[in-house]
Amino acid sequence: MTRPEEARRISLSEDPKTAAALFWQQGLSPRDLERLLSAASHEDESSRAETVELWDAWSRPTEMTLYVPPSLADRPPGVIVGLHGVGGSGAELDAYLRPFADACGAVLLCPTARQPITKRSNFDLAGLFGSRFQDDRWTTDPGDYPARAMRWAREHLAIDTGRCALIGTSMGGIATWSIALRRWDVLSMAASINGAPSMWEMFGPDRTMRELLPNLMNLPFAAVHGSQDQQIPPVLDRDAVGHLRRLGHRSISFIEVPDAEHKLSTMRLLPGTPQFDEVVRCYRSARRTSWPGQVHHHARESEHGRAHWVAMDGIVVGGTASVEARAVTRSRLDIRTVGCSRLRLFLSDRLVEPGPVLVTVNGEEQTVDFRPSLTDAVTTYSEAGADTGRLAHMVVDVKVPEIHE
């Protein structure tokens with residue numbers, strides 16, 4: 001029988017059909033494969049600190065620090081990916097975040113940013129500098145280092161994929177907000193330190209940010225800000241958190257640190273302080289829910305159109321699409337969507353039973369014959385960056401009729 005690490009290697013390196021044939025020969029079903037890929041057969045992670053090489057989707061390497069705390073619980077550890085600020089590095093941030101890793105029982109990964117591969121996004125630090133900003137920076141692209149660090153952890157470490165978090169500072173805090181707004185379903189929680197959901201808000205309402213902000217209703221979030229920060233005003237965090245609270249978010253917090261400035265060294269991120277303890281509390285109490293019965297998601301780009309088991313495609317350029325999807329029974333899905341022309345469903349027997357599934361989209365019914373497929377299981381595991389929480393047993397496209405009011 002193939003060991004878990006070998007199953008992961010095959011799934012991530014072989015052609016999906018070839019890999020599926022190998023697993024089929026061993027008598028594995030899609031659910032069996034999912035269990036195998038989820039198994040932590042590695043030896044317990046030993047305490048260590050080292051620097052590893054991390055590659056983005058365009059085969060560009062960067063340095064990433066790895067820290068495994070000396071004392072972990074009997075269960076597999078979670079993961080914290082730390083995102084540094086402008087002009088910083090993963091190695092510099094690592095020293096500040098190690099106490100969080102110790103307190104949370106989580107492996108810490110801190111990559112170093114590089115220049116984006118494409119020019120179409122300069123990130124929403126961007127509100128101030130636009131295309132003239134030339135420093136290394138993070139992007140929301142799934143091929144960039146934040147997402148690749150998560151993949152690296154799932155591929156190389158014996159971790160709990162249900163407890164993966166981002167903690168960013170300054171530019172990394174802006175990145176944490178922006179990634180969480182678009183890919184909230186891959187995280188258990190997120191924390192921003194002296195960041196902001198968008199720098200554009202200094203000059204007026206940021207339509208993109210405000211239309212995506214409801215996505216954070218699904219994610220525990222902690223915002224920590226120095227009261228004397230002159231570079232990124234704390235009001236940007238405060239207003240966004242207040243808006244989410246008014247919408248009904250019960251797992252979001254804002255901690256303003258008296259007399260602290262923008263520099264991380266002034267933030268007193270030590271055990272026993274409110275700013276430290278709140279982030280740890282948020283992490284410890286959070287866990288991602290895979291295959292939830294209801295999904296609400298907003299997206300402005302198709303690359304961020306998926307949330308859990310439903311994905312929007314054909315999103316109108318410059319517009320925001322939304323979807324509300326609900327598993328009514330184990331054989332019926334109700335979906336309402338606007339702003340996109342196509343939907344893709346990622347089905348699992350954790351959500352619906354194999355066989356006929358009635359899918360209602362914008363009031364029109366269609367029937368999907370759900371037949372679990374090893375090829376789809378391998379494909380979705382690879383495309384999701386080795387995330388078994390997003391591994392589907394079948395992928396199907398469904399029609400999106402227009403809504404007639």
TODO: Kindly determine whether K399 and E364 satisfy salt bridge (charged side-chain N to carboxylate O under 4.0 Å, His left out), including the steps that lead there.
DONE: CA-CA 9 Å; K399 298 183 296 182; E364 292 193 12; 5.7 Å; no

- [ ] Please determine, by modelled atom types, if R300 and T320 share a side-chain donor-acceptor pair under 3.5 angstrom.
- [x] yes

Task: Residues forming a salt bridge (Lys or Arg N to Asp or Glu O under 4.0 Å) with R48, sequence neighbours excluded - done: E45, E50

Open item on the list: Less than 4.0 angstrom from a charged side-chain N to a carboxylate O is my criterion; do E278 and R281 meet it?
Closed with: yes

Task: Whether W200 and F203 hold their rings parallel, tilted or perpendicular, with breakpoints at 30° and 60° - done: perpendicular

Open item on the list: With a 4.5 Å cut-off on side-chain heavy atoms, are M394 and S348 touching?
Closed with: no

TODO: Work out which heavy atom in T289 is nearest to a heavy atom in P292; give both atom names and the distance.
DONE: O-CD, 3.8 Å

Task: Audit row: I80, C104, side chain to side chain contact (heavy atoms under 4.5 Å, CB included) steps and yes/no - done: CA-CA 9 Å; I80 295 172; C104 294; 4.3 Å; yes

Open item on the list: Applying the salt bridge (Lys or Arg N to Asp or Glu O under 4.0 Å) criterion to D387, which one of R288, R8, R151 satisfies it?
Closed with: R288

- [ ] Give a yes or no answer on whether the side chain of D144 reaches the backbone of P146 with a donor-acceptor pair at less than 3.5 Å.
- [x] no

Open item on the list: For a quick check under 3.5 Å, do S192 and T176 share a side-chain donor-acceptor pair by atom type?
Closed with: no

Task: Under 3.5 Å: donor-acceptor pair, side chain of S198, backbone of D206 - done: no

Open item on the list: I need the D136 CG to T112 OG1 distance, nearest 0.5 Å.
Closed with: 9.0 Å

Please set out all donor-acceptor pairs under 3.5 angstrom arising from side-chain atoms of residues 13-20, sequence neighbours excluded.
| residue | atom | partner | partner atom | Å |
| --- | --- | --- | --- | --- |
| S13 | OG | R9 | O | 2.6 |
| D15 | OD2 | K17 | N | 3.0 |
| D15 | OD2 | T18 | N | 3.3 |

- [ ] Nearest 0.5 Å please: distance from the CD atom of E303 over to the CZ atom of R182.
- [x] 9.0 Å

Open item on the list: Filter on side chain to side chain donor-acceptor pair (under 3.5 Å), then keep only pairs touching residues 373-384, sequence neighbours left out; what's left?
Closed with: none

- [ ] Apply the test salt bridge (charged side-chain N to carboxylate O under 4.0 Å, His left out) to residues D334 and R332: give CA-CA distance (whole Å), side-chain angles for both, the deciding distance (0.1 Å), then the verdict.
- [x] CA-CA 7 Å; D334 279 1; R332 178 184 168 191; 3.0 Å; yes

Task: Atom of P61, atom of R114 and distance for their closest heavy-atom approach - done: O-NH1, 3.1 Å

Task: Residues that D313 engages under salt bridge (Lys or Arg N to Asp or Glu O under 4.0 Å), provided they are two or more places apart - done: R342

- [ ] With rounding to the nearest 0.5 Å, note down the distance linking CZ in R284 to CZ in R163.
- [x] 10.0 Å

Task: Nearest atoms (heavy-atom pairs only) where I179 meets T139 - done: CD1-O, 4.1 Å

TODO: Report yes if the side chains of T360 and I335 come closer than 4.5 Å at any heavy-atom pair, otherwise no.
DONE: no

Task: Contact list for residues 212-237, test ring pair (Phe, Tyr, Trp, His ring centres under 6.0 Å), sequence neighbours left out - done: W177-F221

Task: Main-chain N/O of L391 paired to T388 side chain as donor or acceptor, under 3.5 Å - done: no

Task: Residue pairs passing the ring pair (Phe, Tyr, Trp, His ring centres under 6.0 Å) test where at least one lies in residues 234-268, sequence neighbours excluded - done: none

Task: Heavy-atom side-chain contact between L166 and L187 under 4.5 Å - done: yes

- [ ] Determine whether T337 and V400 make a side-chain contact, defined as any pair of heavy atoms from C-beta on separated by less than 4.5 Å.
- [x] yes

TODO: List in chain and number order the residues that pass side-chain hydrogen bond (donor to acceptor under 3.5 Å, both in side chains) with N218, two or more places apart in sequence or in another chain; answer none if no residue qualifies.
DONE: none

Task: Check ion pair E261-K263 (N to O, under 4.0 angstrom) - done: no

TODO: Could you tell me whether the side chain of I252 reaches within less than 4.5 Å of the side chain of R245, counting heavy atoms only?
DONE: yes

Open item on the list: Check for me whether the distance between the ring centres of W184 and H308 falls short of 6.0 Å.
Closed with: yes

Task: Side chains of L343 and C340 in contact at under 4.5 Å (non-hydrogen atoms) - done: yes

Open item on the list: For a 4.5 angstrom cut-off between non-hydrogen side-chain atoms, does L247 reach M217?
Closed with: yes

Open item on the list: Do the side chains of R330 and E353 get close enough for a salt bridge, i.e. N-O under 4.0 angstrom?
Closed with: yes

Task: Under the salt bridge (Lys or Arg N to Asp or Glu O under 4.0 Å) test, residues paired with R371 that sit two or more places apart - done: D369

TODO: Report the residues that fulfil ring pair (Phe, Tyr, Trp, His ring centres under 6.0 Å) with W309, sequence neighbours left out, ordered by chain and then residue number.
DONE: none

Open item on the list: Please check: side-chain N/O of T329 versus main-chain N/O of S331, any donor-acceptor pairing under 3.5 Å?
Closed with: yes

TODO: Provide the closest heavy-atom pair for A180 versus L219 in the form atom of the first, atom of the second, distance.
DONE: CB-CD2, 3.8 Å

Task: Whether R238 side chain and E256 backbone form a donor-acceptor pair below 3.5 Å - done: no

Open item on the list: Return the SG to CG distance between C110 and L54, rounded to the nearest 0.5 Å.
Closed with: 11.5 Å

Task: Which atom of R306 lies closest to which atom of H297, heavy atoms considered - done: O-NE2, 3.8 Å

- [ ] Would you give the length of the straight line joining atom OG of S11 to atom CG of L33, rounded to the nearest 0.5 angstrom?
- [x] 5.0 Å

Open item on the list: Between the side chains of D160 and R287, is the shortest nitrogen-to-carboxylate-oxygen separation below 4.0 Å, so that they form an ion pair?
Closed with: yes

- [ ] Report yes if some heavy atom in the side chain of R268 is under 4.5 Å from a heavy atom in the side chain of Q275; otherwise report no.
- [x] yes

Task: Ionic contact status for D397 with R344, cut-off 4.0 Å - done: yes

Open item on the list: Taking ring pair (Phe, Tyr, Trp, His ring centres under 6.0 Å) as the cut-off, I'd like each qualifying pair that reaches into residues 263-292, sequence neighbours left out, listed once.
Closed with: F100-F276

Task: Electrostatic pair R390:D185 at N-O distance under 4.0 angstrom - done: yes

Task: Distance-minimising heavy-atom pair for A196 and I232 - done: CB-CG2, 3.8 Å

Task: Residues forming a salt bridge (Lys or Arg N to Asp or Glu O under 4.0 Å) with R183, sequence neighbours excluded - done: none

- [ ] Measure the spacing between CG of L213 and CG of L244 and express it to the nearest 0.5 Å.
- [x] 4.0 Å

Task: Any pair counted as side chain to side chain donor-acceptor pair (under 3.5 Å), so long as it reaches residues 76-97, sequence neighbours left out - done: T65-D94, D94-R98

- [ ] Determine yes or no for a side-chain-to-main-chain donor-acceptor pair under 3.5 angstrom, with D229 supplying the side chain and P233 the backbone.
- [x] no

Open item on the list: Looking at T367 and L358, would you say the former's side chain and the latter's main chain have a donor-acceptor pair under 3.5 Å?
Closed with: no

Task: Whether over 12 other heavy atoms sit under 6.0 Å from Q228 CD - done: yes

Open item on the list: Any salt bridge linking R350 with E34? Criterion: basic side-chain nitrogen under 4.0 Å from a carboxylate oxygen.
Closed with: yes

